[in-house]
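Just below is one structure, and these are the notes that go with it.
For clarity, every value in this text was computed on a predicted model and none was experimentally measured. As a basis for the values below, the full set of heavy atoms in this structure was taken, side chains included, without hydrogen atoms, waters or symmetry mates.
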Amino acid sequence: MSRYIATRAIRGANALVTEAELMLRRAIAEKGPDTPVAFPNTAYYLPTILGMTGIQVETIGQLEPALAHARELLHPLPSRSHWTPYLGETLDSGMATLLAAETIEAVRYSYGLQPEPMPGFQLAGGTAFTSPDNGHGGDGLDGHLNGPIDDIQLRSWGIQLVDGRMPGFAAIVGAAKSNEVAVKIVRELQRRNILCFLSGNVNGRSIIHQLIEEGVELGYDTYTVPFGTDTISAIYALGFATRSALTFGGLKAGMARDILLYNRERVFAFVLALGEVDDLKYAAAAGAINFGFPVIADTVIPEILPTGVTTYEHVVSMPFNEIDGADDLERAELLVQKCIEVRGVKVRVADVPVPVPYGSAFEGEVVRKADMRIEFGGKYSRCFEYLYMDALDNVTDGKIDIVGPGMDEVEPQGHMDLGIVIKVAGRQMQTDFEPVLERQVHYFVNGASGIQHIGQRDIAWIRISNNAADKGFNLEHLGKILHARFHADFGAIVDKVQVTIYTDPDQIQTWLEKAREAYDFRNKRLADLTDNAVDEFYSCTLCQSFAPDHVCIVSPQRLGLCGAYNWLDCKASFSINPTGPNQPIKLGTMIDGHKGYWSGINEYAKSASHGTVEEVTMYSIMENPMTACGCFECIVMLIPEANGVMVVSREDTSMTPAGMTFSTLAGMAGGGLQTPGVMGVGKFYLVSPKFISADGGFKRVVWMSSILKDTMADEFQAVAEREGDPDLLGKIADERQITDVEQLLAWMEEHNHPALIMDPIF
Ligand code: SF4
Ligand code: ZN
């Protein structure tokens with residue numbers, strides 16, 4: 001252990017704790033101890049303080065005990081004459097630094113100084129077409145950096161963190177050697193789908209400035225989150241890490257040691273310190289090491305070798321100019337590789353032969369009208385995609401044909417009709433997998449930087465940006481992407497992939513008709529695919545990497561709570577990976593068909609949950625309901641006074657009649673425990689005939705977030721008709737009118753809600 005690092009980290013920690021104390025004292029004097037403090041859209045108060053000390057800070061005054069704890073963790077500087085190991089002292093100082101940093105950011109929030117202003121800057125947003133204003137960072141304040149990540153985003157990334165699409169995060173602090181190097185580092189990380197959290201500066205210049213100057217889109221959708229241009233804002237990365245342990249790991253506030261170990265074992269994060277490292281950066285780095293996150297610096301600093309706190313080295317120095325690369329870009333690439341190696345991040349990248357950067361980090365990119373070379377589908381043209389299986393002999397692997405004119409024949413910002421027809425063959429392929437594979441087209445095409453894909457089937461909509469077209473991206477590349485990705489991701493069921501891209505109007509007509517016949521056939525097949533028609537359901541234990549005792553039981557009529565896995569997906573996934581997270585569960589004896597008890601399901605749930613769950617019902621919220629991890633799309637919760645349930649969407653940040661927001665409710669629903677009356681579900685389960693059918697079904701819904709009502713209006717109308725109450729939707733309240741129980745009861749009376757006269761729900 002280096003005395004030099006210990007000295008600087010301890011000195012940095014002392015200075016920051018003192019600064020936080022002064023700031024807090026002033027805030028108490030100016031604003032009073034009862035002034036509220038909070039980070040936006042989180043149920044975890046100030047998350048690092050909550051996780052590490054258990055203190056639920058809601059007011060300025062409550063910051064005092066947290067800071068007092070930080071002060072206790074401080075140590076005197078190592079003496080010049082004695083050599084002691086210092087590691088414990090250094091780690092303590094790191095923790096003190098984190099508590100002080102979070103205190104400072106909280107106080108800044110109360111003064112309106114966070115998120116940090118950045119004139120002219122706009123966060124990369126959700127698409128204008130699909131995402132309503134829901135408080136996501138993408139729709140955040142213009143002219144501000146992001147600040148901390150909200151719970152909504154944490155949960156929606158959850159599934160990507162668990163399924164390996166997102167292997168980890170990089171907390172980048174400082175500024176790169178040049179703008180070019182900054183862009184290269186971020187691109188290399190994006191290419192591997194590693195989240196980039198950006199903060200800090202060197203002499204006033206931050207990597208955030210560098211990326212903004214180079215026109216790099218920053219925001220949740222591109223996996224690059226600009227926290228702030230000072231080192232203190234790096235605390236948001238550790239708040240994110242702490243919350244992932246609380247959200248997915250079922251750990252409780254104050255379980256500091258478990259939270260730290262959880263992160264070391266499951267969260268593949270590291271700190272990349274760019275440029276000169278000052279006392280505060282040493283102190284913050286020591287804080288990160290507590291979480292098992294190693295620090296890699298691109299300057300000369302002493303190293304700390306493995307002692308067990310992180311998996312490998314704790315601090316690694318890789319002076320940028322000494323990296324053995326042909327030029328700065330290659331050096332940047334090698335630096336990123338080193339980071340990945342030191343943290344042991346498991347990265348999976350498909351090699352996709354396209355002239356633009358490619359990776360999941362580009363999936364959320366938006367191509368605005370002004371930046372667009374051409375579009376297919378949308379308002380002025382049609383675009384469809386259709387995947388089907390054929391005999392092995394009828395498919396030529398890797399063949400890509402364009403039938404009709406190319407995109408260069410269309411004037412800039414123009415549009416044309418497009419049909420993407422994919423023919424696959426494989427010994428393990430089944431017709432049932434066609435829709436599962438076809439649905440991937442969206443993700444695969446979107447992975448190319450500068451290409452935007454929305455929708456599916458015959459309402460697909462693709463835009464190609466000027467930038468991508470200038471780099472040579474054309475229609476053939478759509479085929480190349482699909483060929484490469486189907487092999488990479490579905491190689492176990494797909495042996496051959498052939499793609500034909502139609503732009504010829506007659507051919508489009510012909511193939512569109514064939515495609516629509518297939519869509520109809522699949523719709524019917526799905527409608528016939530009921531729980532009673534099969535003799536096995538599937539498990540999903542994917543989330544166990546984060547929520548160790550949780551298991552989803554996926555039936556034809558009840559999809560996984562994240563919304564990403566239905567029964568067919570699980571079936572396909574089992575074929576791809578027979579020892580993977582989706583296993584068939586033989587139903588065994590039906591114990592109670594009404595509530596949905598089967599002997600096979602109970603046995604499976606008991607063993608897969610390691611005994612946490614003894615029995616589980618498929619169709620009841622009141623009796624042994626299914627457990628939840630943390631990535632549910634909605635929460636269904638009993639409102640006893642209303643004899644019914646409310647359904648809250650993950651996107652809804654407003655108050656619910658239960659007196660809690662989604663974020664707070666989520667804390668009760670997650671963690672792999674059974675809580676009668678509370679359940680996390682996928683939103684398409686709401687429209688299933690088996691939705692809490694043992695408790696009375698959809699007619700029990702008395703309140704529902706308006707975003708669900710609006711985005712699934714047609715589906716819910718069909719449900720209302722199926723339930724024999726065509727006006728039902730109008731009888732369900734939402735947050736626009738009703739935010740507490742009294743109002744809700746009055747609304748129900750007024751609208752004659754059926755739950756009023758249903759049997760008591762318990
Ligand atoms: Fe996680 Fe359940 Fe989704 Fe599987 S189906 S990924 S266990 S939430
Ligand atoms: Zn999950």
Side-chain angles (χ1 to χ4, degrees), residues 113-125 137-147 149 169-192 194-234 236-237 271-278 281 297-299 320-321 323 325 327-333 335-336 339 356-357 359 361-362 364-368 370-372 449-450 465-471:
L113 299 172
Q114 283 285 303
E116 183 181 324
M118 179 65 64
F121 173 71
Q122 201 188 355
L123 284 163
D139 310 304
L141 293 166
D142 274 359
H144 287 80
L145 298 180
N146 194 86
I149 290 165
F169 74 76
I172 309 181
V173 186
K177 181 183 173 188
S178 65
N179 286 13
E180 202 189 14
V181 170
V183 174
K184 180 68 175 172
I185 289 173
V186 166
R187 291 295 185 223
E188 286 296 310
L189 291 165
Q190 281 181 315
R191 196 164 75 75
R192 295 171 170 86
I194 295 174
L195 272 168
C196 302
F197 296 157
L198 310 166
S199 56
N201 68 73
V202 176
N203 301 324
R205 221 169 135 63
S206 169
I207 184 164
I208 296 175
H209 299 126
Q210 295 180 309
L211 296 172
I212 292 175
E213 282 163 19
E214 296 306 306
V216 176
E217 268 197 89
L218 303 180
Y220 292 156
D221 287 349
T222 56
Y223 290 19
T224 47
V225 187
F227 285 152
T229 60
D230 62 6
T231 306
I232 294 173
S233 63
Y236 297 142
V271 179
L272 176 56
L274 299 175
E276 192 208 330
V277 180
D278 57 20
K281 283 184 190 160
D298 73 344
T299 50
F320 193 80
N321 291 330
I323 297 173
D327 54 22
D328 277 356
L329 293 186
E330 208 180 303
R331 284 181 200 106
E333 203 178 322
L335 179 64
V336 168
C339 295
V356 293
F362 304 107
E365 265 183 350
V366 178
V367 177
R368 293 185 184 82
D371 305 326
M372 173 185 102
S449 174
S465 72
N466 279 320
N467 206 334
D470 291 345
K471 286 184 180 150

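The CD1 atom of I208 lies 6.5 Å from the OG atom of S199; values are rounded to the nearest 0.5 Å. To the nearest 0.5 Å, atom CD of residue E116 and atom OG1 of residue T229 are 3.5 Å apart. Residue N179 holds its CG atom at 9.5 Å from CD1 of I207, rounded to the nearest 0.5 Å. The distance from the CG atom of L195 to the CD1 atom of I149 is 7.0 Å, given to the nearest 0.5 Å. Going from atom CD1 of I232 over to atom CD of Q114 covers 9.0 Å, rounded to the nearest 0.5 Å. Distance check, rounded to the nearest 0.5 Å: CZ of R191 to OG of S449 gives 13.0 Å.
With salt bridges taken as basic N to acidic carboxylate O contacts below 4.0 Å, one links R331 and D328. Salt-bridge annotation for R205 and E213: present, with a side-chain N of the basic residue lying under 4.0 Å from a carboxylate O of the acidic one.
For the salt bridge (Lys or Arg N to Asp or Glu O under 4.0 Å) test, residues two or more places apart in sequence or in another chain that qualify with E333 are K184. Under the rule for a ring pair (Phe, Tyr, Trp, His ring centres under 6.0 Å), the partners of Y236 that lie at least two apart in sequence or sit in another chain are F39, F227. A search for side chain to side chain donor-acceptor pair (under 3.5 Å) contacts involving T231 returns nothing, not counting sequence neighbours. With sequence neighbours left out, N201 forms a side chain to side chain donor-acceptor pair (under 3.5 Å) with no residue at all. Checked against side chain to side chain donor-acceptor pair (under 3.5 Å), N466 has the following partners two or more places apart in sequence or in another chain: R373. In this structure, S465 has no side chain to side chain donor-acceptor pair (under 3.5 Å) partners at least two apart in sequence or on a different chain.
In this structure, L335 and I185 have side chains that are in contact, with non-hydrogen atoms separated by less than 4.5 Å. Under the 4.5 Å side-chain criterion, counting only non-hydrogen atoms from C-beta, N321 is in contact with K177. Residues Y220 and N146 have side chains in contact (heavy-atom distance under 4.5 Å, counting atoms from C-beta outward). In this structure, the side chains of L218 and L145 stay at 4.5 Å or more apart for every pair of heavy atoms. The shortest side-chain heavy-atom distance between L274 and V202 does not fall under the 4.5 Å cut-off. The closest side-chain heavy-atom distance from E217 to F362 is not below 4.5 Å.
Across P115 and H144, no two heavy atoms sit closer than the pair O-CD2, 3.1 Å. Of all the heavy atoms in G219 and P226, the pair that sits closest is N-CD, 4.5 Å. Considering every non-hydrogen atom in both P357 and K471, the closest pair reads CD-NZ, 4.3 Å. Looking at every heavy atom in both residues, F169 comes nearest to A237 through CZ-O, 3.8 Å. Heavy atoms only, all atoms of each residue included: G200 and V173 are closest at CA-CG1, 4.1 Å. Of all non-hydrogen atoms in K281 and V277, the two that sit nearest each other are CB-CG1, 3.7 Å.
The residue from T224, V336, V181 that alone fulfils the side chain to side chain contact (heavy atoms under 4.5 Å, CB included) condition with V186 is T224.
Of the possible polar contacts, none joining the E188 side chain to the A332 backbone as a donor-acceptor pair under 3.5 Å is found. In terms of modelled atom types and a separation under 3.5 Å, the side chain of D221 and the main chain of E365 share no donor-acceptor contact. Between the side chain of D230 and the backbone N or O of S233, at least one donor-acceptor pair lies under 3.5 Å.
Atom CG of D327 sits in a crowded spot, with more than 12 heavy atoms from other residues, nucleotides or ligands closer than 6.0 Å.
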